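To start, the structure under review is shown below, and the notes come after it.
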Amino acid sequence: MSEDIRYCTIIGSGPAGYTAAIYAARAGLKPLLFTGKEPGGQLMITTEVENYPGYPDGKTGPEMMMDFQKQAERFDTEIRGEMITKVDFSGPVHKITTESGEEIQSHTIVISTGASAKWLGLESEKRLMNLGVSACAVCDGFFFKGQKVAVVGGGDTAAEEATYLAKLCPEVHLLVRRDEMRASKIMAKRVMNTENITVHWNTETREILGTEGVEGVKVYNNKTEKESVLDVTGFFVAIGHKPNTSIFDGWLDMDDSGYLITKPDSTKTKVDGVFASGDAQDNVYRQAVTAAGTGCMAALDAERYLAAKEII
């Protein structure tokens with residue numbers, strides 16, 4: 001390998017990026033990983049993680065990501081805490097540019113830039129993050145078993161979150177800003193047919209109440225212009241996610257929401273030697289364990305690509 005050209009460079013960390021690094025490093029690819037502005041991804045703002053295999057007593061998100069990082073470093077992954085600001089996939093050797101202006105050349109690129117949850121932008125939402133406020137019912141719903149909760153949103157994500165929580169919670173309040181849901185008909189019907197889900201139409205969130213935890217939510221009906229308070233101890237924001245893929249615009253295929261499109265049964269993008277993993281290409285599951293799985297796939301795809309090209 002030329003000292004100037006890397007075998008494998010990974011853009012982004014989190015379960016996908018670190019798993020790709022572990023597999024790539026063990027395959028002798030000497031990976032270089034850029035953590036980006038959120039080292040460890042969304043798990044860094046997650047308290048208890050109890051659904052990841054191998055952690056029977058649970059683990060905090062930051063602790064888990066430190067474990068992932070240590071394992072990647074154990075196999076000599078080079079980790080840099082920089083963002084990538086530009087890519088050039090025009091030639092057989094791919095080029096990426098760091099925020100400091102350094103150009104890196106690499107035979108393969110693994111993208112694991114993740115996706116970020118969309119938030120309402122309330123001060124109380126930020127203050128009570130992980131203290132009863134969450135953006136993932138599948139991740140955190142178990143902690144609210146037997147409690148009253150609220151979900152904000154009107155699309156398929158909100159419908160899925162509400163119906164999931166309805167299996168755990170006696171009362172689920174779904175706050176919909178308009179007088180109808182944007183969700184697909186089948187998902188909307190499922191919500192309406194679930195007895196312990198109460199839909200609040202024309203309803204906006206004004207404030208999440210509480211100091212050490214969620215104690216209620218102040219809502220505003222934009223039709224009657226009246227405020228009221230819902231008695232809940234959990235608040236789930238389900239207004240969608242935004243994949244962190246803007247720097248790949250024009251180079252790689254994306255869907256209408258910006259998720260990277262990969263070839264069936266692989267992590268291959270339309271550009272040879274560029275692979276996408278984790279939440280940057282997964283708009284369905286968005287779980288740590290599935291992200292790690294695709295990180296593994298991306299590293300294996302990269303190794304096979306290099307072998308087929310006789311680069312290694």
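This structure is a prediction, so every number in the text was calculated from the model and none was measured.
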side-chain hydrogen bond (donor to acceptor under 3.5 Å, both in side chains) with Glu212: which residues, sequence neighbours excluded? none
With a cutoff of under 4.5 Å between side-chain heavy atoms, which Ile, Leu, Val, Met, Phe, Trp and Tyr residues group with Val284? Tyr285
Show me the donor-acceptor pairs within less than 3.5 Å that the side chains of residues 147-161 make with the rest of the protein, sequence neighbours left out.
from   : atom 1 : to     : atom 2 : distance (Å)
Gln147 : OE1    : Thr233 : OG1    : 2.5
Gln147 : NE2    : Phe143 : O      : 3.2
Asp156 : OD1    : Ser184 : N      : 2.8
Asp156 : OD1    : Ser184 : OG     : 3.1
Glu161 : OE1    : Ala137 : N      : 3.0
Glu161 : OE2    : Ala137 : N      : 3.3

Qualifying side chain to side chain donor-acceptor pair (under 3.5 Å) pairs with a residue from residues 219-232, counting only residues at least two apart or across chains: Glu204-Asn222, Arg206-Glu227, Asn221-Thr224
Show me the side-chain donor-acceptor pairs of residues 165-175 shorter than 3.5 Å, one per line, residues at least two apart or across chains.
from   : atom 1 : to     : atom 2 : distance (Å)
Glu171 : OE1    : His173 : NE2    : 3.4
His173 : ND1    : His200 : NE2    : 2.8

Criterion side-chain contact (heavy atoms from CB on, under 4.5 Å) on Phe142 and Asn51, from CA distance to verdict: CA-CA 10 Å; Phe142 179 81; Asn51 57 1; over 6 Å; no
Take atom CZ in Arg177; do more than 12 heavy atoms of anything else shown fall under 6.0 Å from it? no
Ala16 backbone acceptor or donor facing Thr19 side chain under 3.5 Å: no
For the backbone of Gly17 and the side chain of Ser13, can you confirm whether one donor and one acceptor N or O come within less than 3.5 Å of each other? no
Are the side chain of Ser112 and the backbone N or O of Gly12 linked by a donor-acceptor pair below 3.5 Å? yes
Is there a side-chain contact between Thr294 and Gln281 (heavy atoms, below 4.5 Å)? yes
Looking at Thr267 and Thr262, would you say the former's side chain and the latter's main chain have a donor-acceptor pair under 3.5 Å? no
With sequence neighbours left out, the residues meeting disulfide (SG to SG under 2.5 Å) with Cys136 are Cys139
Heavy-atom check, side chain of Val274 versus side chain of Trp251, under 4.5 Å: no
Might you point out which heavy atoms bring Val87 and Ile11 nearest each other, and give the distance in Å? CG1-CD1, 4.5 Å
Residue pairs passing the salt bridge (charged side-chain N to carboxylate O under 4.0 Å, His left out) test where at least one lies in residues 299-312, sequence neighbours excluded: none
For Tyr164, give me all partners under side-chain hydrogen bond (donor to acceptor under 3.5 Å, both in side chains), at least two apart in sequence or on another chain. none
Does NZ in Lys86 sit with more than 12 non-hydrogen atoms of other residues, nucleotides or ligands closer than 6.0 Å? no
Excluding sequence neighbours, so at least two apart, what forms ring pair (Phe, Tyr, Trp, His ring centres under 6.0 Å) with Phe248? none
Got more than 12 heavy atoms from elsewhere within 6.0 Å of CG, Asp265? no
side-chain contact (heavy atoms from CB on, under 4.5 Å) evaluation trace for Val217 with Thr205: CA-CA 7 Å; Val217 57; Thr205 303; 3.7 Å; yes
List the atom of Ala135, the atom of Trp119, and the distance in Å for their closest heavy-atom pair. CB-CH2, 3.5 Å
Backbone N or O of Thr9 within a donor-acceptor pair of the Ser106 side chain at under 3.5 Å? yes
For the residue pair Asp272 and Tyr305, establish whether any side-chain heavy-atom pair is separated by less than 4.5 Å. yes
Taking the side chain as everything from C-beta on, heavy atoms only, tell me whether Ser134 gets closer than 4.5 Å to Val237. no
Counterpart residues, side chain to side chain contact (heavy atoms under 4.5 Å, CB included), relative to Ala115 (two or more places apart): His241, Pro243, Tyr259, Asp279
Is any side-chain heavy atom of Val214 closer than 4.5 Å to a side-chain heavy atom of Leu209? no
Less than 6.0 angstrom separating the ring centers of Tyr18 and Tyr23, yes or no? no
Kindly say whether Leu120 contributes a backbone atom to a donor-acceptor pair with the side chain of Glu125 at under 3.5 angstrom? yes
By side chain to side chain contact (heavy atoms under 4.5 Å, CB included), which residues pair with Leu306, not counting sequence neighbours? Tyr7, Leu29, His107, Thr108, Ile311, Ile312
Heavy-atom side-chain contact between Lys242 and Lys118 under 4.5 Å: yes
Please identify each residue that fulfils side-chain hydrogen bond (donor to acceptor under 3.5 Å, both in side chains) with Ser116, with sequence neighbours left out. Asn244
